[in-house]
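Count residues from 1 along the sequence. As the structure lists them, so they are numbered: ligands from 1, and atoms in each ligand from 1. As the structure is a computational prediction, the values presented were derived from the model and not from experiment.
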Amino acid sequence: MKIGLFFGSFNPVHTGHLIIAETALDEAGLDRVWFMVSPQNPFKEKKTLLPEYDRLKMVEMAIGDNNRLLASNIEFGLPKPSYTVDTLAHLYDKYRSYSFSLIMGEDNLLHLHKWKNYEAILENYALYVYPRKGEIVESSLKNHRNVHYFEAPLLDISATYLRARIQAHKSVRYMTPDPVVKYIEDGRLFLS
Ligand code: ATP
């Protein structure tokens, strides 16, 4: 089973994330994409970051009955802060028969050299990279044997943009699936 890991805080998940995950399945030849919801860092007070439970719940709702996508809370139980290289080692131990790869925007590839043990990640895992709008700097890792680019339609939205709209009492309908919109409205999330 080939699993693509898509890491993020998903605060909240939005249609841009879903399009990337669904496109990556075909373009990267994956069987599943796992949304790796980042845990709350107990040492970091971030007012706008919703509890991990709410963010996971919204990813589950966004995925709905798409059985090629999965919301993962694996990092919630790992030491914090969670480093990708440690999460990958944990997954390797736990799911010996699966092959894991990473899905990331080109912007992330540009900063990869700052990640803990990034050389080990690059050597051992395929990285499926999609272009981000406005990215003019080319990554020096572009031609690495484990870096594979794929085309994906990009939506010019971010979780920050959704949060700003919610705070301004504007609609986020269609920017994230209806059940997520309802969950946010019912819980009055992101308002304070
Ligand atoms: P924030 O605005 O809070 O920083 P975000 O929308 O960028 O959040 P993350 O949870 O950080 O969301 O997203 C996980 C991954 O998805 C990141 O690697 C991010 O670059 C990427 N991503 C976010 N928005 C889009 C988008 N519209 N299209 C493609 N990729 C996106």
Side-chain angles (χ1 to χ4, degrees), residues 3-28 30 33-41 44-63 69-76 81-85 87-88 100-115 118 121 125-137 139 141 147-168 170 172-177 180-181 183-184 189-191:
I3 316 273
L5 303 172
F6 190 30
F7 288 87
S9 47
F10 305 112
N11 185 44
V13 64
H14 55 69
T15 309
H17 297 134
L18 292 163
I19 289 175
I20 292 301
E22 184 69 15
T23 310
L25 284 165
D26 294 326
E27 299 303 318
L30 303 168
V33 170
W34 290 5
F35 285 75
M36 303 295 288
V37 181
S38 66
Q40 222 137 2
N41 188 333
K44 239 192 226 171
E45 174 80 44
K46 204 176 166 216
K47 252 185 84 190
T48 54
L49 187 65
L50 286 188
E52 54 199 28
Y53 168 82
D54 285 315
R55 291 180 287 118
L56 179 74
K57 185 84 194 149
M58 287 189 283
V59 175
E60 284 169 354
M61 290 176 149
I63 287 171
L69 304 181
L70 185 118
S72 169
N73 63 359
I74 280 171
E75 286 198 330
F76 296 3
S82 44
Y83 294 105
T84 302
V85 70
T87 304
L88 290 169
F100 291 101
S101 57
L102 296 165
I103 299 166
M104 63 175 69
E106 204 170 14
D107 51 328
N108 277 331
L109 189 66
L110 280 171
H111 298 287
L112 192 78
H113 61 279
K114 296 180 202 156
W115 294 19
Y118 82 96
I121 299 176
Y125 295 90
L127 269 56
Y128 293 104
V129 178
Y130 58 92
R132 289 298 302 270
K133 249 199 208 116
E135 207 53 74
I136 35 169
V137 189
S139 168
L141 299 172
V147 173
H148 312 280
Y149 274 69
F150 70 97
E151 285 300 321
L154 297 177
L155 212 52
D156 197 8
I157 60 174
S158 63
T160 305
Y161 177 69
L162 266 74
R163 293 196 300 273
R165 289 189 63 88
I166 295 161
Q167 266 154 22
K170 291 178 180 171
V172 292
R173 194 168 183 197
Y174 306 125
M175 296 179 198
T176 190
V180 178
V181 175
Y183 188 81
I184 292 170
L189 304 181
F190 301 114
L191 286 178

Undergrad: So between Ile103, Ile19, Leu155, Asn108, whose heavy atom ends up nearest atom 27 (N) of ligand 1?
TA: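 The nearest heavy atom belongs to Leu155.
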Undergrad: Can you list the ligand 1 atoms lying under 4.0 Å from a non-hydrogen atom of Ile20?
TA: 29 (C), 30 (N)
Undergrad: Among Arg132, Met104, His17, Arg163, whose heavy atom sits nearest atom 19 (C) of ligand 1?
TA: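 The option holding the nearest heavy atom is Arg132.
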Undergrad: Could you check atom 7 (O) of ligand 1 against the protein and tell me its nearest heavy-atom contact, residue, atom and distance included?
TA: Ser158 CB, 4.5 Å
Undergrad: So which protein heavy atom does atom 1 (P) of ligand 1 come closest to, and at what separation?
TA: Thr160 OG1, 3.3 Å
Undergrad: Provide, to 0.1 Å, the distance between atom 30 (N) of ligand 1 and the closest protein heavy atom, together with that atom's residue and name.
TA: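 Atom 30 (N) of ligand 1 sits closest to the protein heavy atom Tyr130 OH, 2.8 Å.
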Undergrad: Geometry only, no angles: is Phe10 polar-contacting ligand 1 at N/O separations under 3.5 Å?
TA: yes
Undergrad: Which residue supplies the protein heavy atom nearest to atom 5 (P) of ligand 1, what is that atom called, and how far is it?
TA: Ala159 N, 3.8 Å
Undergrad: How long is the gap from CG on Leu155 to CE on Met175, to the nearest 0.5 Å?
TA: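 Here the rounded value is 8.5 Å.
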Undergrad: Calculate, to the nearest 0.5 Å, the distance between atoms CZ and CG belonging to Phe10 and Leu56 respectively.
TA: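 If I round to the nearest 0.5 Å, the distance is 10.5 Å.
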Undergrad: Does Asp156 reach ligand 1 with a nitrogen or oxygen that is under 3.5 Å from one of the ligand's nitrogen or oxygen atoms?
TA: no
Undergrad: Which residue pairs pass the salt bridge (charged side-chain N to carboxylate O under 4.0 Å, His left out) test with at least one member in residues 8-24, sequence neighbours excluded?
TA: Glu22-Arg68
Undergrad: So how far is it from Trp34 CH2 to Ile63 CD1, rounded to the nearest 0.5 Å?
TA: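 It comes to 12.0 Å.
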Undergrad: What side-chain hydrogen bond (donor to acceptor under 3.5 Å, both in side chains) pairs are there with at least one residue in residues 3-21, not counting sequence neighbours?
TA: His14-His17
Undergrad: Could you give the distance from CD (Glu106) to OH (Tyr130), rounded to the nearest 0.5 Å?
TA: 10.5 Å
Undergrad: Side chains of Arg163 and Ser158: closer than 4.5 Å at any heavy-atom pair?
TA: no
Undergrad: Knowing that exactly one of Ile103, Leu102, Thr87 qualifies, which makes a side chain to side chain contact (heavy atoms under 4.5 Å, CB included) with Met36?
TA: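 When side chain to side chain contact (heavy atoms under 4.5 Å, CB included) is applied between Met36 and each of Ile103, Leu102, Thr87, only Thr87 qualifies.
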Undergrad: Below 4.0 angstrom from a heavy atom of Asp107, which ligand 1 atoms are there? Numbered from 1 as shown, please.
TA: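 With Asp107 as reference, the close atoms of ligand 1 come out as 20 (O).
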Undergrad: Are any of the N or O atoms of Phe7 closer than 3.5 Å to those of ligand 1?
TA: no
Undergrad: Does Ser9 come within less than 4.0 Å of ligand 1, judged by its heavy atoms?
TA: yes
Undergrad: Check whether Glu52 reaches the backbone of Gln40 with its side chain - one donor and one acceptor, N or O, closer than 3.5 Å.
TA: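 Between the backbone of Gln40 and the side chain of Glu52 there is a qualifying donor-acceptor contact (under 3.5 Å).
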Undergrad: For ligand 1, which atoms, with element, lie under 4.0 Å from some heavy atom of Phe6?
TA: 15 (C), 16 (O)
Undergrad: Under 4.0 Å from any heavy atom of Gly8, which atoms of ligand 1 are there?
TA: 10 (O), 14 (C)
Undergrad: Does the side chain of Tyr161 pick up a donor-acceptor pair with the side chain of Asp156 at under 3.5 Å?
TA: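 No pair is found: no donor N or O on one side chain lies under 3.5 Å from an acceptor on the other.
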Undergrad: Can you find a non-hydrogen atom of Tyr161 under 4.0 Å from ligand 1?
TA: no
